[in-house]
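As structure tokens, the structure follows; a few thoughts come after it.
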Amino acid sequence: MSPSVPLSVLVTGGAGFIGSHLCDRLILRGHRVVCLDNLLTGDLGNIKPLLNHPRFTFAEHDVRRPFHLKGPLDRIYNLACPASPARYQADPIATLRTCVLGALNVLELAREKGARILQASTSEVYGDPDVHPQPESYRGSVNPIGPRACYDEGKRCAETLFFDYHRMHGVAIKVARIFNTYGPRMLENDGRVVSNFVVQALRGEPLTVYGDGSQTRSFCYVNDLVDGLELLMESPPEVAGPYNLGNPQEVAIGEIASLVLAQVGSRSTVLHLPLPADDPRRRRPDISAARRLLGWNPATDLREGLARTASYFAMKLAAASSAVRREGADRAAVA
Ligand code: NAD
Ligand code: UDP
């Protein structure tokens, strides 16, 4: 597992949802962590407890621009990229540049420092899959000119760059194909399904199910995913991947809505909205390779993970509404 010697680790996208949990884990292991993020979809609040830690440094920077770090560097986790379809489609050209230029810049850094580097790739490289569940050998069915392509093709190109840097320059690479991951620290306006449903249910607003809700996904709790990323990074050098990391329990989106309503005890209704273009009909990882080679198995039950996520958002929403009340009271006092 994690080496006992302290390492110098760079996490790009470290102020985001998954990245901030990864930073917590790496600090806990005794490593020195540089978190690089341009805060596009990240939140300094996610890393607030780390900001004064002596082994933690935050660097506000965009991975599309080259950068240098002083001193030795042992590991790079490249997570910088918006992951929510709504967010990555808001500026598709910026997303493509982040995927491709970002990969080039971190790979150059890995080459210069002799660092091992892990790419956060995605199940989206399989597009709307014809093979189910998806093994790593499946080459995917991506629409290269559709609205999701900026992300799907960007991540595919990043994988290509990783393997070419490995073949041409001997860079030690690891590629994780991450499937839908959820949990605390998703942004409440992130746009992905679990955060949308939980926040809507807590506010008593209708749950926005796109299409008839029969499309499926397989949801992995964030702590399990971070276990998988760490195991992959510290696996023997010949274990480059790509490896699927996700929870193979497949659920229809309509079923997620029902689970969230039950979990929150909400009386929200369900509002059906049009299915977005190219929305994959079904998705489930074949994780036999990760099980066999990394000894990884996601352990968190979906109901348990949703309960933890719902408590997190309940706390966030309560804190936000008491801040609004305080502000109102201050204004009234001044008036
Ligand atoms: P997120 O949006 O919460 O985090 C991404 C982070 O990257 C944010 O902090 C954002 O500010 C930062 N970022 C974006 N563009 C950047 C840039 N140009 N320069 C520097 N920083 C930048 O998303 P997440 O869910 O934490 O995903 C993290 C990574 O994992 C992403 O690369 C994503 O593609 C991948 N992934 C996530 C999932 C998932 O379900 N969460 C699934 C597959 C792949
Ligand atoms: N979805 C939904 N309501 C929402 C957000 C998403 O029904 O408010 C659906 C979306 O159409 C997709 C699934 O939930 O079929 C997962 O969407 P998400 O954006 O979380 O991730 P994706 O797997 O599509 O990248």
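All residue numbers in this chain count up from 1 along the given sequence. One-based numbering, in listed order, for ligands and for the atoms of each.
Proximity of Y151 to ligand 1, defined as any heavy-atom pair under 4.0 Å, is confined to the side chain (atoms from C-beta onward). Counting heavy atoms under 4.0 Å from ligand 2, residue V194 does not touch it at all. Using a 4.0 Å cut-off between heavy atoms, I18 contacts ligand 1 through both its backbone and its side chain. Under 4.0 angstrom from ligand 1, the non-hydrogen atoms of H61 all belong to its backbone. The part of S121 lying near ligand 1 is the backbone, judged by heavy-atom distances below 4.0 Å. Contact annotation: for I253 versus ligand 2, heavy atoms closer than 4.0 Å belong to the side chain alone. By the criterion of a heavy-atom distance under 4.0 Å, neither the backbone nor the side chain of R87 is placed next to ligand 1.
For the ligand labelled ligand 1, residue A15 lies inside the 4.0 Å heavy-atom shell. Within the structure, the closest approach of R97 to ligand 1 does not fall below 4.0 Å when heavy atoms are considered. Note on ligand 1: T12 sits outside its first shell, no heavy atom being nearer than 4.0 Å. For the ligand labelled ligand 2, residue S84 lies outside the 4.0 Å heavy-atom shell. Ligand 2 has G191 within reach: a non-hydrogen atom of the residue lies less than 4.0 Å from it.
Between the side chains of Q249 and S218, no donor-acceptor pair is found at a separation under 3.5 Å.
Distances below 4.0 Å separate heavy atoms of R192 from the following atoms of ligand 2: 19 (O), 20 (O). Near V209, with a cut-off below 4.0 Å to any heavy atom, the atoms of ligand 2 are 7 (O). The N180 neighbourhood of ligand 2 comprises atoms 21 (O), 22 (P), 23 (O), with distances under 4.0 Å to a heavy atom of that residue. Atoms of ligand 2 found under 4.0 Å from any heavy atom of E124 (numbered from 1 in listed order, with element): 25 (O). Numbered from 1 in the order shown, with element, the atoms of ligand 1 that lie under 4.0 Å from a heavy atom of L39 read 11 (O). Atoms of ligand 1 lying under 4.0 Å from at least one heavy atom of R64, given by number and element, are 18 (N).
Residue I173 holds its CD1 atom at 9.0 Å from CD of E159, rounded to the nearest 0.5 Å.
For atom 40 (O) of ligand 1, the nearest non-hydrogen atom of the protein is T181 N, 2.8 Å. Of the protein's non-hydrogen atoms, the one nearest atom 16 (C) of ligand 2 is R217 NE, 3.7 Å. Ranking protein heavy atoms by distance to atom 39 (C) of ligand 1, first place goes to R192 NH1, 3.4 Å. Here the heavy atom of the protein found nearest to atom 20 (O) of ligand 2 is V193 N, 2.8 Å. Here the heavy atom of the protein found nearest to atom 15 (O) of ligand 2 is D279 OD1, 2.6 Å. Protein heavy atom in closest approach to atom 3 (O) of ligand 1: F17 N, 2.9 Å. In this structure, the protein non-hydrogen atom closest to atom 9 (O) of ligand 1 is D37 OD2, 2.5 Å. Protein heavy atom in closest approach to atom 3 (N) of ligand 2: T208 O, 2.6 Å. Nearest protein heavy-atom contact of atom 1 (N) of ligand 2 is Y210 CD1, 3.3 Å.
Judged by distance alone, with hydrogens and angles left aside, the side-chain atoms of H61 form no donor-acceptor pair with the main-chain N or O of L36 at under 3.5 Å. For N78 (side chain) and L118 (main-chain N/O), no donor-acceptor pair under 3.5 Å exists by modelled atom type.
Considering only non-hydrogen atoms, atom 42 (C) of ligand 1 lies nearest to I178 out of T98, I178, N46. Compare M186, Q215, R148 by their heavy atoms: the one nearest to atom 24 (O) of ligand 2 is in R148. The nearest non-hydrogen atom to atom 14 (C) of ligand 1, considering only C81, G19, A176, comes from C81.
When L261, V209, L202, T309 are each tested for a side-chain contact (heavy atoms from CB on, under 4.5 Å) with F197, only one passes: V209.
For the pair R284 and F179, the NZ or CZ position fails the cation-pi test of under 6.0 Å to the six-membered ring centre and within 45 degrees of the ring normal.
Look at D24 and R29 and you find no salt bridge, because none of the NZ, NE, NH1 or NH2 atoms lies under 4.0 Å from a carboxylate O. Salt bridge annotation for D74-K113: absent, with no cationic side-chain nitrogen under 4.0 angstrom from a carboxylate oxygen.
Ligand 2 has no nitrogen or oxygen under 3.5 angstrom from a nitrogen or oxygen of P280. Considering backbone and side-chain atoms alike, N196 places an N or O below 3.5 Å from some N or O of ligand 2. Considering backbone and side-chain atoms alike, Y88 places every N or O at 3.5 Å or more from each N or O of ligand 2.
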**Message:** Using the rule given for side-chain hydrogen bond (donor to acceptor under 3.5 Å, both in side chains), can you reason through N244 versus R177, listing the C-alpha separation, both sets of side-chain angles and the distance that settles it, and then say yes or no?
**Reply:** CA-CA 5 Å; N244 289 338; R177 288 183 180 157; 5.0 Å; no
